[in-house]
Structures are given as C-alpha cells and as structure tokens.
Protein chains: 2
Amino acid sequence: MTASKTELFSEEQSSLAAFAGALAHPARIAIIELLQNRGESTSGEIVQTLPLAQATVSQHIMALRKAGLLNHRDCGKKICYSLNYDQIRQFCHSFQCTLGTTDAPPTPVPSTCCTEENA
Amino acid sequence: MTASKTELFSEEQSSLAAFAGALAHPARIAIIELLQNRGESTSGEIVQTLPLAQATVSQHIMALRKAGLLNHRDCGKKICYSLNYDQIRQFCHSFQCTLGTTDAPPTPVPSTCCTEENA
DNA sequence: AACGTATATCGCCGATGTACGATAAGTCAA
DNA sequence: TTGACTTATCGTACATCGGCGATATACGTT
C-alpha cells in the first residue's frame, strides 16, 4: 500500500478503513462468527475450526486484536478470546453515519452534473 | 490474499470480507463520504477532492464499483457516480448479524475454557 | 530442571494492493 | 477530422498481505 499515504486523510477516515481492513478476510469473519456463537474461545479452538495452519490463524487473531475487536484474558496456559462489543458497536455506528444508512433516506438529489457543470 | 484460500470459506464469509475490503482504504472512505454529502459526483470532481493522482483515484472508484457500492450513469463526456444504497444497506444488515449488534445483548457467556477444557 | 502444551513470532515466498506517469478510449464541439 | 476534455487502462515500482514451517516464549505439571 505504500503506507497508503495515510497522512493525507483524516483520522476518522483512516480509523474506519482500518476497521474495515480488519474484517477484510473470510478467515477473520469466520473467527468473529465463531466468537459470536460461542461467546468465548481459546486460540486452539479457533485454530481447530479454521482450515488454516496455527501460525496463520494466530496472525489473523492478532490482526483482530490490533483493531481492538477482541478481548482476551489469560487462563492458565490458554488464552480466551471474546468479542469487544463496545468497540464493534462504536465502529458500526460510525459506519452507519458514513454510509448514510442511519436516518435520511437515499437523498433524491437534483443531480447537477449535466446542468451547471458544463464548464 | 493469495486468492485467500477463498474456496475454504463460505460464500457469505467471502462476500462480507469483500465488502469490508472495499472499504479498507481511507481514500475509498473519503469517496463514499463525498458521495454521501453531494449525492452525486463526476469522476473529475472526486479526483479534485482527493490528494491522489487521477489514475489512482480511478482505481479506487473501480474497486468500489466492483464491490457493487456505486451507481454510475453516463452524462455526456462525464460519468456521474452515486452510492448504491440498496447494496450498502444489505451489507450493513449482514454485518450487523455477523457482528452480533442487532438484537441479543453481548451474551454474558458462562465461559467454559478454564473448567471443562482442562484436557 | 525437564517436559508437554499453548500461543506468538520469525523468515521466507508468491500474490495482491497502492501509487504514479503515460497512454488509450470515449464523447462533444468546431 | 481535429482538438479539447473526461475517464479508464497499462506498465512499472514498491509495500503489504496471506500462507506456511520452524522456532521462540510462556505456562503448568511432574
């Protein structure tokens, strides 16, 4: 991504993009679904569920952690992961606003592109 | 990505991941915000708004188009883009379900990892 | 300490994403 | 047709991702 020229965009734009990036892989979606269903799972259980090597799954988990989507607690030699619903809800709300799916219907729009814009 | 071993995951998981991937760049978030505010914009207007080269912006627009997030209509020599709210709403709903932010509160969960799981 | 288990990290590789200039392809006007 | 304009695509360079085996780290048990 060439560092995405990320400094050229707003904090919120980068933040939303990062959140979306965390969800941008089917394996990570699967992990989220698993945690959604079970409430809590160890890393090992997640590995067993996915058709990927332990190292790869660990990377996906770490990606979700860095995005703030997971809670984890040590539990002896295991680590239990669960969803951080607060973060998730917060991001979802931001997305709803950005995507315009909260209130305000599709906004009809008079469409100016073919009228005044004939410069 | 490596084709992401995408065949190993469900259709819906891949679909959601693709949608998230389309949003996983601040420039694309910025494009969406722009269209959300203006309702409709030409490619040229979008280029002027972003701090990126025309070719790069065109690629981002194409990424959003391929994800089904944009409507476009020819308008003389210009092309007007707008948000495809139907698609967006549909994806948002899927995400709400996957992320568990629709109904069902955070699910307390008895947490079995430290009890029965001591195999 | 030594071992087994659980998880994270490293190193490597091929594939993909991002960025750009240059150029092609299309439309409209003269 | 020529020319100005708008947008998409090509070619290239580089960074990042996604995958894996191997290894390191950390904990609990004996």
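Within every chain, numbering begins at 1; the chains are lettered A, B, ... in the order of the sequence lines, protein sequences first and strands thereafter.
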(request) Provide, to the nearest angstrom, the distance between the NZ atom belonging to B:K78 and the P atom belonging to D:dT7. (result) 7 Å
(request) Quickly work out the A:I61 CD1 to D:dG19 P distance and round it to whole Å. (result) 13 Å
(message) Let's see if you can work this out: which of C:dC20, D:dG18, C:dT7 has an atom nearest to the side-chain heavy atoms of A:T42?
(response) C:dT7
(request) Output the single nucleotide from D:dT7, D:dC10, C:dA19 whose closest atom is nearest the side chain of B:Q54. (result) D:dT7
(message) Rounded to whole Å, please give me the gap between CE in B:M62 and P in D:dA8.
(response) 5 Å
(request) Would you please confirm or rule out a distance under 4.0 Å between OP1 or OP2 of D:dT7 and any side-chain N or O of B:H72? (result) no
(request) Write down the distance between CD (A:E45) and P (C:dT5), rounded to a whole number of angstrom. (result) 17 Å
(message) I'd like to check B:F19 versus B:Q90 (side-chain heavy atoms, cut-off strictly below 4.5 Å). Are they in contact?
(response) no
(request) Following the transitive rule for hydrophobic clusters with a side-chain heavy-atom cut-off under 4.5 Å over Ile, Leu, Val, Met, Phe, Trp and Tyr, establish whether B:L8 and A:I32 coincide in one cluster. (result) yes
(request) Whole angstrom is fine here: how far is it from NE2 in B:H25 over to P in D:dA15? (result) 15 Å
(message) For B:R73, is there an ion pair with B:E40 - N to carboxylate O distance below 4.0 angstrom?
(response) yes
(message) Could you measure the distance from the CD atom of A:Q87 to the CG atom of A:L64? Nearest 0.5 Å is fine.
(response) 12.0 Å
(message) Heavy atoms only, 4.0 Å cut-off, all strands: where does B:A53 land among base, sugar-phosphate and nothing?
(response) sugar-phosphate
(message) Can a side-chain donor-acceptor contact be found between B:Y81 and B:R65 if the only test is distance below 3.5 angstrom?
(response) yes
(message) Rounding to an integer number of Å, can you tell me how far A:L50 CG sits from D:dG18 C1'?
(response) 14 Å
(message) Does C:dG17 have its OP1 or OP2 closer than 4.0 Å to a side-chain nitrogen or oxygen of B:H60?
(response) no
(request) Let me know, please, whether B:A55 or A:T56 comes out on the 5' side of the other along DNA chain C by nearest nucleotide. (result) A:T56
(message) Tell me whether the side-chain N/O atoms of B:Y81 come closer than 4.0 Å to OP1 or OP2 in D:dA8.
(response) yes
(message) Let me spell it out: for each of A:A24 and B:S58, pick the nucleotide of DNA chain D with the closest heavy atom. Which residue's pick is nearer the 5' end?
(response) B:S58
(message) Can you measure A:L52 atom CG to D:dG21 atom P for me and round it to whole angstrom units?
(response) 11 Å
(request) Could you tell me whether the phosphate oxygens of D:dA8, OP1 or OP2, come under 4.0 Å of any side-chain nitrogen or oxygen in B:S43? (result) yes
(request) Can you tell me the distance, in whole Å, between the CD atom of A:Q59 and the C1' atom of D:dG18? (result) 7 Å
